[in-house]
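Residue numbers begin at 1 in each chain, while the letters A, B, ... track the order of the sequences.
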There are 2 protein chains.
Amino acid sequence: MIDARLITLRVFARCGTIGATAELTGYSPSAVSAQLRELQRVLGMQLLTKDGRGVRLTATGRFLVAGSDPLIAQWESLRAAAMEAGDQVQPHFGLGGFSTAAAQLLAPLAATLRSTRPELEVQVLEADPARCFDLLIAERIDLAVIVAMQSEAYGEDDPRFEQTVLLDDPLDVIIPADHPLASRETATLEELAAEPWITEAAGSTYHSLFTAAFTAVGVTPRIAHEAVEWETQIAFVGAGLGVGLLPRLAPLRGAENVVRLRITGKAKPARRIVAAVRRGSIASPLIQESLGILQVNADRILTARLEEDH
Amino acid sequence: MIDARLITLRVFARCGTIGATAELTGYSPSAVSAQLRELQRVLGMQLLTKDGRGVRLTATGRFLVAGSDPLIAQWESLRAAAMEAGDQVQPHFGLGGFSTAAAQLLAPLAATLRSTRPELEVQVLEADPARCFDLLIAERIDLAVIVAMQSEAYGEDDPRFEQTVLLDDPLDVIIPADHPLASRETATLEELAAEPWITEAAGSTYHSLFTAAFTAVGVTPRIAHEAVEWETQIAFVGAGLGVGLLPRLAPLRGAENVVRLRITGKAKPARRIVAAVRRGSIASPLIQESLGILQVNADRILTARLEEDH
DNA sequence: TCGATCATGCGTCTATTTTGCATGGTTATC
DNA sequence: GATAACCATGCAAAATAGACGCATGATCGA
């Protein structure tokens, strides 16, 4: 019930350009431009100012955006409380998540919701963590399952969101089948430090996982190749180009010539998978139910993993 | 920046009927009906239920309306802070007030604002106190100058508003020029208890002032006639039909055969004139400036009154 | 200097919203 | 107990607001 134009302004505060705001909100750039102009008109405030070939927020604009955080949270909280008190049914529910998280956790969630609440229109958007937060702000989605990350844009305790840990997904190492260590079941990062590593491009979503894993043990890996998708990385490893890190949740799918080893040693690298919602909305019955389903699935994964290790 | 449909719902919660809501908001009844239906659809909540020939709020609806009070206040507060921080100019400003208050305080305020802020579009609505509160909720006006009252609908410390005392306007008594007491300058209510009184209809806006004045001294007046406008009441008194109470701010305008006496005695009946704004908006520079102007005018009235009494 | 990027204005179109009237159901009045 | 008044709502038409696409102008990097 917060005016859509204020939401648009908040998205703009995130992206910085009209074009990106349009892409994220689903409007056209001229629509965003018109909305923000209209917003300034009705409020009687100058929120934007020209800056080079773009525009940027004025001090007033930044003030308004920052101050609107608790407003959004309070509305979400009110809505959640009303939903809970009145036992009402939400008409639409947007989910967001990235690759493996989406496949392993989000898809089952959507399927469950679809069967338990047939009248609910569930929409799933695959997007990387940073974009998931953007989509939450833009109110395109209501719940995101993402890899915890400390990006420059969103901290772990951002006042706009509430996050719940679902599970820690350990990173394995994958090596070519003809590698000397291929017969082993475990390896340490130190043992593999000298190998040619295959990772994502620096600055990409999961690259920080890679660096964090190695800084924890104090060695500097040699990055030989870059891949975007896990599938590509696996193929590279299969071709003998090097070794790589692969989250346990990412399946090998019987890839040729690739062996997966558990990582042992003092540092056990892992990625933390969390669910994020807009602050205040966590009390919503639909969110609560979803978090419950996610947690059940996460626990199931952990249990299966324990049995497997045993 | 709160969705207009939520504002409409809040107004409905006040009025209870679609028609009254339409009148107050300026929409047509079918528009209000459609808005509320749409609101229920997007929220996925049932807010209204049929009740006889009308509709009434469900428990969820009441919950939502009550919970939206702080939301509105917080938005107003944010807007006020942004206006103050950014030194921005509001495009529109709505004022409300009733009869003498409007004439003596609101008109000068509007005139002053018109000259100091030419680009500001000032709109003045004459309305009785209860309606002024309604208009504040409906966001048709931003500031109201009213007679303090404890109606069944709005208490003095309603969480939706903030009120500031401007001045206490004493009630005088007006009697026919040929009345035995006409040569006096003051009178007590006890002396006049037996007179035939002219007042407003029971239940009307200022009738409670009348009854409060007499209950304070413990006598029961005899109500002979009823008038709606002060002008009418004065004419009745001039015609010798009885005596009446008249606020000091209401001018006699050289009415024929009518004498005005100060009331003395243990109880000095008065009406308290206050300015009311939506909670949170009081920090707005425009509101602050307006309150200042109102206070200056009120003090000027009080000073002139002191000199006159001297 | 050229090309790329970005915001914005304008004309057009679409979608939403409002209106006015008619209808159905409910209460009050005589 | 019949009639009138009242209230909400559905429907079609009208008005309004909003979005889109394209073109323009401005700016930055190569």
Measure [atom1]/[X] against [atom2]/[N] and give the value in whole Å, please.
X	N	atom1	atom2	result
B/Leu36	D/dC7	CG	C1'	14 Å
A/Leu39	D/dA17	CG	P	17 Å
B/Arg41	D/dG10	CZ	P	14 Å
A/Phe12	C/dC6	CZ	P	12 Å
A/Arg5	D/dA19	CZ	C1'	14 Å
B/Tyr27	D/dC7	OH	C1'	21 Å
B/Ile18	C/dT19	CD1	C1'	16 Å
A/Gln40	C/dA7	CD	C1'	13 Å

Next item on the list: Give a yes or no on whether A/Glu38 atom CD has more than 12 heavy-atom contacts from other residues, nucleotides or ligands under 6.0 Å away.
Entry: yes

Next item on the list: Could you please name the option among D/dA8, C/dG9, D/dA19 that lies closest to any side-chain atom of A/Arg37?
Entry: C/dG9

Check: Which listed nucleotide (C/dT19, C/dT8, D/dT9) is nearest to the side chain of B/Ser28?
Finding: C/dT19

Next item on the list: Measure distances between side-chain N and O atoms of A/Ser30 and base N and O atoms of D/dG21, and say whether any donor-acceptor pair falls under 3.5 Å.
Entry: yes

Next item on the list: May I ask you to say whether B/Arg279 pairs ionically with B/Asp158, meaning some side-chain N is under 4.0 Å from a carboxylate O?
Entry: no

Check: Under a 4.0 Å N-O cut-off, is there an ion pair linking B/Arg10 with B/Asp69?
Finding: yes

Note to self: Base, sugar-phosphate or nothing for B/Ala31? Non-hydrogen atoms, less than 4.0 Å.
What the structure shows: base

Margin query: Students often get this wrong, so: under 4.0 angstrom with heavy atoms, is A/Gln35 touching a base, only sugar-phosphate, or nothing?
Written below: sugar-phosphate

Margin query: Both A/Asp51 and B/Ala20 contact DNA chain D. Taking the nearest nucleotide for each, which residue is further toward the 5' end?
Written below: B/Ala20

Check: If you pin A/Gly52 and A/Glu38 to their nearest nucleotides in DNA chain D, which one's is more 5'?
Finding: A/Glu38

Notebook entry, point to check: Which residue pairs pass the salt bridge (charged side-chain N to carboxylate O under 4.0 Å, His left out) test when at least one of the two sits in residues 117-126 of chain B, sequence neighbours left out?
Noted result: B/Arg117-B/Glu289

Note to self: Does D/dG25 have OP1 or OP2 under 4.0 Å away from a side-chain N or O of A/Arg53?
What the structure shows: no

Notebook entry, point to check: Do you see a donor-acceptor pair shorter than 3.5 Å between the side chains of A/Thr8 and A/Gln35?
Noted result: yes

